[in-house]
Visitor: 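Quick one: this structure, given as structure tokens, is what I'll be asking you about.
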Amino acid sequence: MRILDKKTISRRSFLKSGTATALGLTIAGNLVLGKSSAWAASFDNLGGGNAATLIQMARDIYPHDHLADKYYAKVIEGYNTAAAKDAELKKMIQAEVKKINEASKKKYGSDYKDINREIERVDILKANTSSPLFGKLRGDLVTGIYNNQEVWPKFGYEGASADKGGYIKRGFNDINWLDKV
Amino acid sequence: MAKFSKDDNSLVVIIGSGAGGGTLGYELAKKGIKSVILEAGGRHEIRDFSNDEWGMFGKISWLDKRTTSGDWRVAKDFGGLPAWIVKAVGGSTIHWAGASLRFQEHEWKARTTYGNVKGASLLDWPIDAKEMAPYYAKAEYEMGTTGTNNIPRLPGNNNFKVLEAGAKKLGYKKVHTGNMSINSQPRDGRIGCQQIGFCFQGCKSGAKWSTLYVAIPKGEKTGNLEVRPNSHVIRIEHDKSGKVTGVVYKDKDGKTQIQKARIVAVAGNSIESPRLLLNSESNMFKNGLANSSGEVGKNYMRHMTASVYAIFERPVYMYRGTTMAGIVQDESIHNPKRGFVGGYELETLSLGLPFMAAFLDPGQWGREFTASMDKYDHMAGMWIVGEDMPQSTNRVTLSDQKDQYGMRAPNVHFSDHPNDIAMRQHAFGRGKAIYNAVKATKTIETPPYPSTHNLGTNRMSAKAKDGVVNKHGQSWDIKNLFISDGSQFTTGAAENPTLTIVALAIRQADYIAKQMSSKAI
């Protein structure tokens with residue numbers, strides 16, 4: 001059976017992530033941990049704190065421990081760009097993040113992103129699923145995460161195949177474990 | 001290629017170029033009858049297809065304004081998208097899976113076989129299996145259906161092998177790779193299936209039958225068929241005698257055009273076809289065209305559907321190869337001991353990672369969901385498709401909201417009948433048992449997707465008061481107005497509808513030709 005190695009980073013995607021670092025995409029981890037000030041500049045329209053909260057929310061909505069923060073941050077980058085022209089969006093995000101943080105402080109004593117346990121953050125999210133921010137973020141993540149070609153190999157999905165001649169000679173029927181179960 | 005005048009009132013004007021309209025145009029062309037197909041969407045050829053789920057969705061789907069109501073979950077999760085169908089030359093034969101199953105004999109007589117089912121508006125079809133047999137044979141030949149005409153079945157992919165192994169352990173007998181209108185070997189100038197996957201995004205190899213690159217070009221070659229893309233019909237017009245005289249459409253620039261006609265055949269799928277009849281209301285036909293029975297738009301059916309996905313300890317890569325790669329038919333029988341009338345088919349299905357995220361459990365989030373997604377490559381999947389009960393309250397009506405041309409948009413109202421719910425529960429149980437028989441570690445019940453099988457809103461009936469069209473798809477009220485798509489279905493049967501739509505269109509072409517030559521219309 002032709003098994004894909006989901007951990008392999010191709011040279012091409014390695015180079016890509018190098019570029020992403022230069023653009024300030026991969027330091028989301030630092031931000032979430034509250035170490036970075038560089039983020040404020042790269043999320044100039046939303047504000048670094050708001051962006052960090054959104055990135056943490058994104059990960060808590062669709063948690064994949066094998067995905068780096070940059071894939072979640074990419075969706076929030078889109079909001080940052082949109083917020084430059086869309087005052088309503090900016091206002092909504094700021095107001096909703098404020099609400100989330102207030103709820104977080106009330107129940108767990110700190111801002112959302114600083115709550116240590118995922119189960120507690122999820123608890124906050126569950127009480128906010130009807131909010132406009134949650135609805136928008138969840139909806140945008142469905143395509144923002146899963147339609148990002150860079151994550152496909154990590155899920156064992158090979159994407160387009162016609163340009164490779166389909167799977168007729170590449171394992172469409174190579175399953176070999178069925179007689180063992 | 002023919003190019004007909006808009007003033008030519010000798011033409012058959014066909015609205016829609018999918019399984020029904022595309023076939024009708026081709027069949028009439030073979031007989032020397034001139035027709036023009038007005039297609040609302042653009043013309044994309046195979047070279048324009050890409051193995052990209054969202055990309056192709058945006059490119060070819062019918063995304064015009066629509067609203068929904070009823071208790072079906074689609075109304076909540078995809079309120080503006082009741083149906084996933086195609087707006088392009090070729091219609092939904094671009095994205096169909098290829099399954100080409102004949103109705104079973106008893107399914108033509110649903111009212112007689114199932115009896116009086118409370119809340120259902122069941123009728124027998126005015127035609128039967130014997131009458132349809134030669135037309136099914138013609139359709140299977142034209143479409144190159146595997147398992148017919150000595151065409152070998154397709155090889156099974158990994159997803160099928162999982163289904164087959166589980167089904168056989170449970171003792172199911174009718175398990176095979178289906179009757180598919182996908183070339184298993186070169187035929188009719190097209191190559192055999194390359195196991196690309198992405199059948200729903202348009203077949204890149206052309207192995208799968210579609211009116212876009214099979215029936216329509218053949219029809220065009222005769223000089224008797226013109227296909228006019230980006231021509232969105234908004235009204236059908238009639239004269240004082242009540243005969244239809246032509247159609248009003250918007251061209252690619254949004255300009256209003258009128259095409260004269262001797263006969264109009266409506267094949268816009270089961271949401272647009274009744275909508276067009278209703279939007280064509282006039283002083284003479286206040287409730288819409290062909291609607292003296294009040295049945296236009298009623299009895300909307302979408303098949304009882306659902307999916308079961310299962311996760312295994314080891315990889316499957318279900319997306320490799322044909323999307324609908326095989327079938328279990330044992331449950332398609334009518335056996336009321338199961339607690340419902342009618343039956344269902346189990347057919348393999350796979351979605352790419354992007355669509356899986358959207359459809360596995362719409363709106364779901366958190367660890368339970370992502371744990372399943374993390375095992376995407378270990379998943380196998382099947383689609384459940386069974387007969388749903390026609391209900392007069394499930395219907396397409398005109399919404400107060402307007403489309404891009406100022407025409408009233410369709411509202412699609414649907415709620416499951418108790419029989420649909422009982423059948424779905426049974427099917428979920430059997431589907432999960434199949435996968436558990438080969439040691440699935442997790443099974444997931446996936447709710448129905450936006451409708452791909454839209455049926456029944458201009459139904460065929462033996463009596464004028466019970467339906468919209470007669471046994472030839474000819475409207476009871478207006479002799480030169482025909483319905484040529486799945487909206488003429490009296491009941492839905494358990495089978496994927498395309499083969500029956502094509503067979504009915506071939507049969508209708510014979511009837512239209514006879515009626516024209518005898519000057520009856």
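Chain identifiers are assigned alphabetically (A, B, ...) following the order of the sequence lines, protein sequences preceding nucleic acid strands; residue numbering begins at 1 within each chain. These numbers were taken from a predicted model, which means no experiment stands behind them. Values below: all heavy atoms of this structure, side chains included; hydrogens, waters and symmetry mates excluded.
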Visitor: With chain A as the partner chain, list the residues of residues 315-322 of chain B whose heavy atoms fall under 4.5 Å from it, by residue number, and write 'none' if nothing qualifies.
Guide: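 The residues closer than 4.5 Å to chain A, in numerical order, are Pro315(B), Val316(B), Tyr317(B), Tyr319(B), Arg320(B), Gly321(B).
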Visitor: Among Asp52(B), Val162(B), Asn159(B), who wins on heavy-atom pairs under 4.5 Å with chain A?
Guide: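 The residue among Asp52(B), Val162(B), Asn159(B) with the greatest pair count is Val162(B).
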Visitor: With a 6.0 Å cut-off (strictly less than), is the heavy-atom count around NZ of Lys164(A), excluding the residue itself, greater than 12?
Guide: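 Yes, NZ of Lys164(A) has more than 12 neighbouring heavy atoms, counting only those of other groups under 6.0 Å.
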Visitor: Under a 4.5 Å heavy-atom cut-off, does chain A meet the side chain of Phe312(B), its backbone, both or neither?
Guide: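 The answer is the side chain of Phe312(B).
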Visitor: Is it the backbone or the side chain of Glu118(A) that comes under 4.5 Å from a heavy atom of chain B, or both, or neither?
Guide: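 The answer is the side chain of Glu118(A).
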Visitor: Is it true that atom CG of Asp179(A) has more than 12 heavy atoms of other residues, nucleotides or ligands lying nearer than 6.0 Å?
Guide: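 Enclosed.
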Visitor: Are Leu141(A) and Trp365(B) close enough that some pair of their side-chain heavy atoms sits under 4.5 Å apart?
Guide: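 Contact flag for Leu141(A)/Trp365(B) side chains = no.
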Visitor: Please state whether the side chain, the backbone, both or neither of Ala358(B) comes within less than 4.5 Å of a heavy atom of chain A.
Guide: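 Contact with chain A is through both the backbone and side chain of Ala358(B).
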Visitor: Using non-hydrogen atoms only, which part of Asn147(A) is less than 4.5 Å away from chain B: side chain, backbone, both, or neither?
Guide: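 Backbone plus side chain of Asn147(A), per the 4.5 Å heavy-atom cut-off to chain B.
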Visitor: If you round to the nearest 0.5 Å, how far is CG of Asn176(A) from CZ of Arg314(B)?
Guide: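 With rounding to 0.5 Å, CZ (Arg314(B)) is 6.0 Å from CG (Asn176(A)).
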Visitor: Under a 4.5 Å cut-off applied to non-hydrogen side-chain atoms, are Leu4(A) and Asp377(B) in contact?
Guide: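 Side chain of Leu4(A) against side chain of Asp377(B), heavy atoms only: no contact under 4.5 Å found.
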Visitor: Given heavy-atom pairs under 4.5 angstrom as the criterion, report whether the side chain, backbone, both or neither of Lys204(B) touches chain A.
Guide: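 Only the side chain of Lys204(B) comes within 4.5 Å of chain A.
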Visitor: Is the number of heavy atoms from other residues, nucleotides or ligands within 6.0 Å of NZ (Lys180(A)) greater than 12?
Guide: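 Check passes, neighbour count above 12.
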Visitor: Quick one: do Asp65(A) and Arg367(B) satisfy salt bridge (charged side-chain N to carboxylate O under 4.0 Å, His left out)? Show the steps, please.
Guide: CA-CA 10 Å; Asp65(A) 298 339; Arg367(B) 287 270 166 195; 3.1 Å; yes
Visitor: Counting C-beta onward and ignoring hydrogens, is there a side-chain heavy-atom pair between Met1(A) and Asn158(B) closer than 4.5 Å?
Guide: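 When only atoms from C-beta onward are counted, Asn158(B) and Met1(A) do touch, with a gap below 4.5 Å.
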Visitor: Side chain, backbone, both or neither: which part of Gln364(B) has a non-hydrogen atom closer than 4.5 Å to chain A?
Guide: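 Just the backbone, heavy atoms under 4.5 Å.
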Visitor: Which bit of Lys169(A) is near chain B, if near means a heavy-atom gap under 4.5 Å: side chain, backbone, both or neither?
Guide: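 Neither; nothing under 4.5 Å.
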Visitor: Check each atom of Lys375(B) against the heavy atoms of chain A and say whether the ones under 4.5 Å are side chain, backbone, both or neither.
Guide: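 Contact with chain A involves no heavy atom of Lys375(B) at all.
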Visitor: Write down the atom of Trp152(A), the atom of Pro354(B), and the distance for their closest heavy-atom approach.
Guide: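 Nearest heavy atoms, Trp152(A) then Pro354(B): CZ2-CG, 3.5 Å.
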Visitor: Could you tell me which portion of Asp174(A) (side chain, backbone, both or neither) has an atom closer than 4.5 angstrom to a non-hydrogen atom of chain B?
Guide: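 For Asp174(A), heavy atoms of backbone and side chain both lie under 4.5 Å from chain B.
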Visitor: Go through Lys439(B), Glu53(B), Lys161(B) and name the one with the most non-hydrogen pairs under 4.5 angstrom from chain A.
Guide: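 Of the candidates given, the most pairs with chain A belong to Lys161(B).
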Visitor: Which residue out of Phe155(A), Tyr62(A), Tyr167(A) racks up the most heavy-atom pairs below 4.5 Å with chain B?
Guide: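 Top option by heavy-atom pairs under 4.5 Å: Tyr167(A).
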Visitor: Taking side chain as everything from C-beta outward and backbone as N, CA, C, O, which of these in Arg2(A) sits under 4.5 Å from a heavy atom of chain B? Side chain, backbone, both or neither.
Guide: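 Both parts, backbone and side chain.
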Visitor: Minimum heavy-atom separation for Asp374(B) and His64(A), please, with both atom names.
Guide: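 Closest approach of Asp374(B) to His64(A), heavy atoms only: OD1-ND1, 2.5 Å.
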Visitor: Does atom CD (Glu368(B)) have a neighbourhood of more than 12 heavy atoms from anything else shown, all under 6.0 Å?
Guide: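 No, not enclosed.
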Visitor: Measuring from Ile61(A):CD1 to Thr370(B):OG1, what's the distance to the nearest 0.5 Å?
Guide: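 Ile61(A) CD1 to Thr370(B) OG1: 11.5 Å, rounded to 0.5 Å.
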Visitor: What is the distance from atom CG of Leu351(B) to atom OH of Tyr157(A), rounded to the nearest 0.5 Å?
Guide: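 It comes to 9.0 Å.
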Visitor: Once you round to the nearest 0.5 Å, how far does CD1 of Ile145(A) lie from CE of Met373(B)?
Guide: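 The CE atom of Met373(B) is 10.5 Å from CD1 of Ile145(A), to the nearest 0.5 Å.
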